[in-house]
Amino acid sequence: MMIGDFMANKVELRARLAFWQDALQKLRKAYLALLDGGVQSYRLDDMEITRLNISTLNKRIEEAEAKVDELTALLEVQRPRRAVGVLPRDW
């Protein structure tokens, strides 16, 4: 992998991170709306969530948090790792 490829990958990683952060924000908003009791159901894009399936919503939040953590960790890496060989010697 060349340094230019790595930079292109960083751009893609940033785009994915922004996507998952936005999704996580929406999921948390839906969870809080249902939890506070202000609504009986919440519409999130093409999915309708009720208090009865709030556990499913909680799992989706955990999955989104894991994705955000994973992408953040990948972005914190300065450059790709190099393979290093060790030559054992018998003095």
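Since this is a predicted model, take the numbers as computed values, not measurements. FYI, the numbering just counts along the sequence from 1.
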Task: Beyond-backbone contact of Lys59 with Thr56, side-chain heavy atoms, under 4.5 angstrom - done: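 The answer is no; the side chains never approach within 4.5 Å.
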Open item on the list: Any heavy-atom pair between the side chains of Glu65 and Trp20 that's under 4.5 Å?
Closed with: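 No, their side chains stay 4.5 Å or more apart.
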I need the minimum non-hydrogen distance between [X] and [Y], along with the two atoms involved.
X     : Y     : value
Thr50 : Ser41 : CG2-CB, 3.8 Å
Leu44 : Lys26 : CD1-CB, 3.8 Å
Lys10 : Leu75 : O-CD2, 3.8 Å
Leu24 : Ala64 : CD1-CB, 3.9 Å
Leu17 : Val68 : CD1-O, 3.7 Å

Task: Interatomic distance, Tyr42 atom OH to Leu35 atom CG [nearest 0.5 angstrom] - done: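 Rounded to the nearest 0.5 Å, the OH-CG separation comes to 13.5 Å.
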Task: Gap separating the CG atom of Asn58 from the CG atom of Leu27, nearest 0.5 angstrom - done: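 Between Asn58 CG and Leu27 CG, I get 10.0 Å after rounding to 0.5 Å.
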Open item on the list: Any carboxylate oxygen within less than 4.0 angstrom of a Lys/Arg side-chain nitrogen, looking at Lys67 and Glu62?
Closed with: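 No salt bridge links Lys67 with Glu62.
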TODO: Could you tell me whether Glu12 and Arg16 have a side-chain N and a carboxylate O separated by less than 4.0 Å?
DONE: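 Salt bridge: yes.
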TODO: Report the C-alpha distance between Ile54 and Ile49 in whole Å, list the side-chain angles of each, state the deciding distance to 0.1 Å, and finish with yes or no for side chain to side chain contact (heavy atoms under 4.5 Å, CB included).
DONE: CA-CA 7 Å; Ile54 200 166; Ile49 306 161; 5.6 Å; no
